[in-house]
Amino acid sequence: MKKKITILPGDGIGKEVTACGKKVLEQIAECFGHEFVFDYGQIGHEAIEATGTPLPDETLAKLKKSDAILFGAVGHPKYDNDPTLPVRPEQGLLKMRKELGLYANLRPIKLFDELLAASSIKPEILKGADILFFRELTGDVYFGERGRKNDNKTAYDTMIYSTYEVERIAHKAFKAAQTRRKKVTSVDKANVLESSRLWRAVVQEVAKQYPDVTVEHMFVDAAAMKLIQNPKSFDVVVTGNLFGDILTDEASQIAGSMGMLASASVGDTVGLYEPIHGSAHDITGKGIANPLASILSAALLLDISFGLQEEADTVIKAVERTLKEGYRTRDIADPSTAHEKILGTEVMGNVVSNQIRMIVSLPVEK
Ligand code: IPM
Ligand code: MN
């Protein structure tokens with residue numbers, strides 16, 4: 001199979017982790033006889049510095065011609081504490097999602113058994129948890145009208161959803177549930193918000209077309225509590241952009257660390273694959289970031305955009321074996337982890353990559 005993959009390393013640890021994601025894709029290409037052609041694009045703070053805009057037209061044009069995109073992270077501390085800056089790295093990511101029609105963000109939350117001790121949640125509550133989030137990605141308060149009034153003394157953002165936006169993400173969630181444990185939890189705030197009441201009515205309508213799937217509706221505050229109290233009670237969760245952003249960061253603790261969670265953003269055209277973590281400037285350049293979220297994003301890319309199930313499973317198995325052998329990055333190490341098994345970003349990527357070779361019975365690289 002010949003495919004074109006564009007890598008957008010972005011800012012902070014984005015560069016370090018996407019290098020590992022790419023390494024794994026190259027290894028898969030070699031082991032399974034595919035040809036993946038890689039190209040790079042600029043986005044975020046780096047693109048602002050180079051061109052003045054967080055998503056240059058050149059990058060967007062490249063993305064539209066790609067078969068899949070592997071994205072790192074965007075962000076820079078200089079913007080975080082200066083809300084007056086008009087051009088911001090995150091705008092590049094949001095524009096990319098909108099322009100490419102990436103309305104469905106899949107965030108699978110699954111704990112590798114080896115990491116049971118790495119989470120701050122009790123193992124008996126965690127063991128067996130397996131949740132698939134569908135976060136709506138191109139609507140909500142992220143894209144509604146916003147502004148200032150009253151001489152700049154009042155600011156507003158509009159939470160807005162249209163029926164078609166809820167329908168298309170709901171269908172994706174129900175279809176996925178049919179291949180899993182056949183349960184969808186739709187999360188909203190319909191006791192307060194009008195946009196949530198529309199959301200709930202539309203999900204109820206869509207649910208009628210999937211009689212084999214059980215649907216439940218939950219308010220976001222209750223969902224936030226239940227995720228930690230009883231994560232095993234969830235199968236597929238479908239929710240809006242803002243609630244999904246917050247709940248999936250919370251849910252990352254079920255998987256041990258933010259550094260473990262991959263995501264896929266899909267919609268009308270090319271798929272985008274990215275860790276849910278951010279640019280993490282506090283650890284940038286130290287070579288200690290966990291590359292597994294980027295590597296697992298590469299597995300989602302192989303599966304969803306290219307339909308390469310066996311290759312995707314091989315990547316996941318390689319990660320599993322790496323963890324089973326005791327290798328950890330710092331964020332997922334627990335007190336029992338031997339010092340010499342705590343690896344840096346690049347070495348962790350190499351270990352996973354070599355595991356892939358072992359799984360397909362090729363000699364490992366030195
Ligand atoms: C995410 C991130 C982004 C979001 C930021 C960087 C704009 O937190 O992908 O979850 O809020 O969607
Ligand atoms: Mn987020």
Side-chain angles (χ1 to χ4, degrees), residues 8-15 17-18 21 42-48 53-55 59 63 69-83 85-109 131-144 146 157 159-161 165 169 187 220 223-224 227 237-255 257-267 271-282 284 289-290 293-294 296-297 300-301:
L8 299 178
D11 304 321
I13 58 168
K15 288 187 184 47
V17 299
T18 51
Q42 283 186 324
I43 191 168
H45 170 70
E46 180 195 65
I48 296 175
T53 128
L55 182 67
T59 301
L63 300 180
I69 306 161
L70 187 72
F71 169 70
V74 286
H76 191 279
K78 97 171 202 204
Y79 303 85
D80 295 346
N81 295 318
D82 187 355
L85 290 172
V87 180
R88 313 180 67 81
E90 291 80 3
Q91 290 162 346
L93 176 59
L94 299 180
K95 182 170 174 209
M96 173 167 69
R97 289 171 177 169
K98 196 70 170 177
E99 294 270 340
L100 298 176
L102 303 169
Y103 64 85
N105 183 220
L106 281 68
R107 297 188 162 185
I109 315 282
I131 309 172
L132 179 55
F133 271 87
F134 281 80
R135 167 189 175 194
E136 200 289 328
L137 206 57
T138 53
D140 203 346
V141 74
Y142 274 71
F143 294 95
R146 70 178 97 247
D157 299 270
M159 186 173 268
I160 178 166
Y161 265 118
E165 294 175 297
I169 185 101
V187 175
V220 62
L227 261 178
V237 178
V238 63
T239 189
N241 205 344
L242 182 63
F243 298 156
D245 180 45
I246 299 166
L247 290 178
T248 52
D249 265 31
E250 183 192 357
S252 73
Q253 292 312 299
I254 297 167
S257 162
M258 284 274 273
M260 294 301 297
L261 284 202
S263 89
S265 302
V266 298
L272 173 107
Y273 300 85
E274 57 167 308
I276 85 155
H277 64 67
S279 49
H281 280 268
D282 51 332
T284 297
N290 185 347
S294 184
L296 292 168
S297 296
L300 285 173
L301 180 157

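Order of listing sets the numbers, starting from 1, for every ligand and every atom in it. Computed from heavy atoms alone, side chains included, the values below leave out hydrogens, waters and symmetry copies.
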query: Which option, Leu93, Val74, Leu94, Leu137, owns the non-hydrogen atom nearest atom 3 (C) of ligand 1?
result: Leu93
- line: Counting from 1 in the order shown, the ligand 1 atoms closer than 4.0 Å to a non-hydrogen atom of Arg135 are 1 (C), 4 (C), 9 (O), 10 (O), 11 (O), 12 (O)
Tyr142 six-ring face occupied by Arg135 cation (under 6.0 Å, within 45°): yes
field: Any donor-acceptor N/O pair, Asp11 side chain to Gly75 backbone, under 3.5 Å
entry: yes
message: Suppose I only count heavy atoms of Asp245 and a 4.0 Å limit; which atoms of ligand 1 are within that range?
response: 1 (C), 4 (C), 8 (O), 10 (O), 11 (O)
message: So, regarding Tyr142 and ligand 1 (criterion: nitrogen or oxygen to nitrogen or oxygen, under 3.5 Å), is there a contact or not?
response: yes
Shortest protein heavy-atom distance from atom 6 (C) of ligand 1, along with the residue and atom involved: Glu90 CG, 3.8 Å
- prompt: Are Phe143 and Leu94 side-chain neighbours, meaning at least one heavy-atom pair lies under 4.5 Å?
  reply: yes
- request: Between Arg97 and ligand 1, find which residue part has any heavy-atom pair under 4.0 Å and reply side chain, backbone, both or neither.
  value: side chain
field: Atom pair CE (Met260) and CD1 (Ile254), whose distance is rounded to the nearest 0.5 Å
entry: 14.0 Å
message: Looking at ligand 1, is there an atom of it that comes within less than 4.0 Å of some heavy atom belonging to Arg107?
response: yes
- prompt: Salt bridge between Glu274 and Arg97, side-chain N to carboxylate O under 4.0 Å?
  reply: yes
- prompt: If you measure from each non-hydrogen atom of His277 to ligand 1, which part falls under 4.0 Å: side chain, backbone, both or neither?
  reply: neither
field: Test item: Ile131 and Leu227 side chains (from C-beta on) under 4.5 Å apart, heavy atoms
entry: yes
task: I would like to know whether Leu132 and Val237 meet side-chain contact (heavy atoms from CB on, under 4.5 Å); could you show each step before the answer?
output: CA-CA 6 Å; Leu132 179 55; Val237 178; over 6 Å; no
- request: Could you tell me whether some N/O pair between Asn241 and ligand 1 is separated by less than 3.5 angstrom?
  value: no
message: Report whether any nitrogen, oxygen or sulfur of Asp245 sits less than 2.8 Å from the Mn ion (ligand 2) (N, O or S, backbone or side chain).
response: yes
